[in-house]
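First the proteins, then the strands, lettered A, B, ... as listed; each starts at 1. The shown structure was predicted, so the numbers you read here are calculated from the model rather than taken from an experiment.
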Amino acid sequence: MGTDIPKSYEPRGTEQTLYKWWEEQGFFNADVDSPLPPFSMVLPPPNVTGALHMGHALNITLQDILARWKRMDGHNVLWVPGTDHAGIATQNVVEKNLAAEGKKRTDFTREEFEAIVWRWKEEYEARILGQIKQLGCSCDWSRQRFTMDEGLSRAVREVFVRLWEDGLIYKGEYLVNWCPRCVTAISDLEVEYEPAEGKLWYIRYPIEDSSEFVVVATTRPETMLGDTAVAVHPDDERYRGLRGKRIVLPLMNREIPVIFDSFVEREFGTGVVKVTPGHDPADFEAGRRHDLPIIRVIGDDGTMTAAAGPYRGLDRYEARRRVVADLEALGLLEKVERHAHNIGHCQRCETIVEPLVSNQWFVRVQPLADEAIRAVEQGRTDFQPKNFEKVYFEWMRNIHDWCISRQLWWGHRIPAWYCDGCRETIVAREAPQSCPKCGGTKLRQETDVLDTWFSSALWPFSTLGWPDRTREQELFYPTSAMVTGFDIIFFWVARMMMMGLRFKEDVPFRHVFINGLVRDAQGQKMSKSRGNSIDPLAIIEEYGTDAVRFTLAVMAVPGTDIPFSIDRMAGYRAFCNKIWNAARFLLMNLDSDAPVGEAEIDAVLAGPEPGLHHRWILARLSEVIASTRRDLDRFFVHEATNTLYHFFWGELCDWYIELVKEDLSGDDPARRERAQKVTCFVLETAMRLLHPFIPFITEEIWQKVPHRGETIMLRPYPQAFPRWQDAAVLERMQRIQDLISAMRTARAENNVDPRKWVTVYLRCDDEARELVESQLANLKRLVRAHEVVFTDRFPAERILLQGVTSLGEFALLLDEVIDVEVEKQRLQKELQKLDTERLSLEKKLANEGFLEKAPAEVVAKARSRRDEVEGLQVKTREKLRRLAP
RNA sequence: GGGCGGUUAGCUCAGCUGGUCAGAGCGCCGGUCUUACAAACCGGAGGUCACUGGUUCGAACCCAGUACCGCCCACCA
């Protein structure tokens, strides 16, 4: 068996074939009639804007690891895939695309434009789904959803209407963040603040009926055209005289009052601020407190409105220049200072956001947030890492109402109608035929659409058929886990919590696993403009999906960013190849097609001469299984991955396979058969253990290993074998390894040709001798010795390389003279190491506090190690002395 | 202005409950095509675990402070 296996693993082709087979066989699909305990997740739906990036690859890999693990471990796994219409983002990319053809959105009717976006959606969704599949994602494609499909749109309307009926949605004129380029309102979260070097203009505002003036400081002189007051702090002694005074607003020659309000920071500027309720959030609030009129001087497109008088029609920044120039001409500009501040930009197009008063729809979130806070406080949902709960609480406790209306064409149209007759607003699940108030039939639907996150917030239950009652919801809600990035905790996680608790009366997920951002190898954020972004598909093409997945998994420390390095990934591709070749070797040495189960291994272990290396690898396998499960349970995917890597390569390949060669190539059929059973069992188990992480190569190999069942995907995830764990076996094996390593080091350090054969002399006690004899052939092969002689007295020749290990003393007899100085140096170095260790142990053991307070076990360990080191020291010194030049 | 995270080998990063935890990958040095694998094997060099105190028998790990770096939130216009 196995002789026809190629020497290196070729992921291309195999991956597609396997995936197609898995999918066609329905292995990914959940079964609502299954008696197994459910495990469910919803895939964070990628936007249909473009292509998958490394962040998606990470996120999907982590989820797939959980899904495959749970599925193998006896759960009825539902993992719902889908895509997000991503309102503003998608509209923008489509518009950009049109612009390349010299067209604008407004060249089309709304319906025509929507049709264009739908076509885009179909194309990009298909592309994205293909990419998700290339990652090996085992989600249930029969339940794939889209945030704007029929069912989800119904869920959106249902939620909207119910929130409206409960008074949690309202519409009104408020100050919102406005993107003049997207020409829509956006939420607070969609504004990104960037530090900028600005200016602070000091402007003289004349006091009415006097020649005096007050000086206000502002970073936005153009908004003065909309000022409706000037404010000072009520306790500010400097401006007591302003009480009852009125101000003449320059350029507009409008009379405005002076208000006294503690929102003014006395230290800022002159302590007098202009108040523009139409264009500043703080001023808007102040305006409400003082009943100030609101004047909007900047329009939806970022140009000045009629209210800006002579500046009408100018772009807001051109208006700024003109206002400043005019003020200067009038002698009203006192001074200009440099001023660093933060400027808000549109998350989607980076245009500077304009705060302005506008008629919009809002969700009153406080009551929803209270529930969402309580649920996490009660531990009904927890975060990994835990500290993200703090971030969540902080935001939830200071939450502001959520502006949900967008002046876009792509999205869920708000289910509200206005009656032309009586101006009534009708909110309904379906289009009303007539006005319930006046009976009028001239109804116009609201043209605004909803914030894209409104529908995302419903994703954990809308995808399960809500608002209908479904078996899926009974079984799979709340979902078991949500894996997502910290960048969307507020946008998404928080809102899913609120909506889930409100409409399903339970949290949407039990655990939130936060993954970091994928950065480049230098830790820089990946971005197109930096030119450092890596296309996951391109590297999958080159390195194979398993290598990419393994790299992401091993680096995925929860909540921590990942510096993705191609070099490192090349290392993990090598690991895949290593697995391939280990399997190739073991398969080449199998004679039987019969699967090997635990019972057969028990029989081997109970039989004559089970072999230390067999017992050792089985003990280690069991330990590794237990630790992998522990790590997966707490979402320490990186630890699990790392453990498996070192077990497979460092122990299974580097030692066990080397040791088992002797069994397999020898002429003892019973021994060969025992080895075949163990290797077959270990290989088959290791493939199952590794499958969630690297699904393709493990399935490919597993199919070649004698096995039961159809696919590795649906075989049980390995359970530890406590009865095979044996500390004594591990220790004995460790001593053999130490001895072999020491002899190899002695050879290498003395530049002994690796091809040269030597004679090994060993001076050790009977127990050690028995141990060595049980591994004699292996030892000979691994250190290139044609003979091992047990003796009390080493030969006197000057061509000995000597050493001391916990197993005993060894000497290697060469057939040529060695450089005594080199050997001396080597032994001296060894002695140095021992001296250091001895010293620290002695110090510890001389410490009464340690003897009294440390656990007896720790003390005993230190003692026995001290004795051991002492013995090694004495013997090493002796050897050094004998080596005298 | 608040809050969070980081500082460990040349580079990028792991290190769980304080006690062989000084680790990985890549890079570097020396040597091997030893019939699973040169995408490999065998060896080696390299670190005051940012700094200062503290707790402890014992600290990379816990506590306090400092210095840098990064991120998030926030209505100083």
Side-chain angles (χ1 to χ4, degrees), chain A residues 2 5 7-9 175 193 200 216-220 223 231 263-269 273-276 280-286 339 341-342 355 385 387-388 390-391 394-395 398 486-487 489-490 517 519-523 543 547 551 554-555 557 559-589 627 630-631 634 636 638-639 642 645-646 653-654 657-658 661 665 741 744-749 751-755 781-782 784 837 844 847-855 857-859 861-862 865:
Chain A
I5 300 173
K7 280 178 89 166
S8 59
Y9 174 56
L175 193 115
Y193 290 91
L200 195 57
V216 303
T218 182
T219 56
R220 300 207 52 197
T223 63
F263 88 103
V264 178
E265 294 289 332
R266 277 168 279 187
E267 294 72 31
F268 184 85
V273 299
K274 56 193 275 308
V275 181
T276 322
D280 181 277
D283 293 1
F284 179 77
E285 293 301 322
H339 182 69
H341 60 154
N342 289 324
N387 60 293
F388 282 101
K390 264 181 109 164
V391 177
E394 190 61 26
W395 187 75
N398 298 299
F486 55 74
D487 50 329
I489 290 180
F490 306 144
L517 259 41
R519 296 170 175 273
D520 73 8
Q522 278 69 47
Y543 294 86
T551 310
V554 81
M555 305 202 66
V557 182
T560 306
D561 290 351
I562 292 178
F564 190 90
S565 132
I566 295 282
D567 284 346
R568 185 140 183 199
M569 192 187 48
Y572 292 115
R573 175 184 58 175
F575 178 58
C576 291
N577 195 51
K578 189 77 180 172
I579 294 173
W580 183 257
N581 277 289
R584 177 165 173 267
F585 173 76
L586 295 177
L587 292 170
M588 275 177 357
N589 284 287
S627 115
R630 263 200 312 277
D631 289 334
R634 54 184 182 154
F636 269 36
H638 66 296
E639 280 287 333
N642 203 34
Y645 173 84
H646 286 106
C653 291
D654 288 350
I657 288 185
E658 289 307 317
K661 280 177 178 170
S665 64
S741 297
R744 280 172 167 173
T745 305
R747 289 183 59 132
E749 296 270 282
N751 299 315
V752 176
D753 188 325
R755 287 162 294 198
R781 211 162 33 83
L782 296 182
R784 281 235 160 193
E837 191 179 352
K844 213 179 213 181
N847 186 334
E848 279 176 34
F850 176 70
L851 298 177
E852 274 169 38
K853 296 188 179 174
E857 194 188 303
V858 174
V859 177
K861 215 165 155 187
R865 179 63 187 160

Whole-Å distance between [N] [atom2] and [X] [atom1]?
X	N	atom1	atom2	result
A:Ile566	B:U12	CD1	C1'	13 Å
A:Asn398	B:C73	CG	C1'	9 Å
A:Lys661	B:U34	NZ	P	11 Å
A:Arg747	B:G31	CZ	C1'	11 Å
A:Tyr193	B:A74	OH	P	7 Å
A:Lys578	B:A39	NZ	P	12 Å
A:Asp567	B:C11	CG	C1'	10 Å
A:Glu749	B:G43	CD	P	11 Å

Using purine N1 to pyrimidine N3 plus N6-O4 or O6-N4 for Watson-Crick, or N1-O2 and O6-N3 for G-U wobble, both under 3.5 Å, which nucleotide pairs with [N]?
N	answer
B:C26	B:G10
B:U48	none
B:C76	none
B:C41	B:G31
B:C16	none
B:C4	B:G70

Minimum heavy-atom separation for [X] and [Y], please, with both atom names.
X	Y	result
A:Ala521	A:Pro563	O-CB, 4.0 Å
A:Arg755	A:Arg747	N-NH2, 4.4 Å
A:Ala282	A:Asp280	N-OD1, 2.9 Å

Side-chain donor or acceptor of [X] under 3.5 Å from a matching atom on the base of [N]?
X	N	value
A:Glu394	B:A74	no
A:Glu852	B:C57	no
A:Arg630	B:C16	no

Does the salt bridge (Lys or Arg N to Asp or Glu O under 4.0 Å) test come out yes or no for A:Arg630 and A:Glu639, once each step is laid out?
-> CA-CA 10 Å; A:Arg630 263 200 312 277; A:Glu639 280 287 333; over 6 Å; no

Please confirm whether A:His339 and A:Phe268 have ring centers closer than 6.0 angstrom.
-> yes

Start at the 5' end of RNA chain B and walk down; is the nucleotide closest to A:Glu265 or to A:Glu837 reached first?
-> A:Glu837

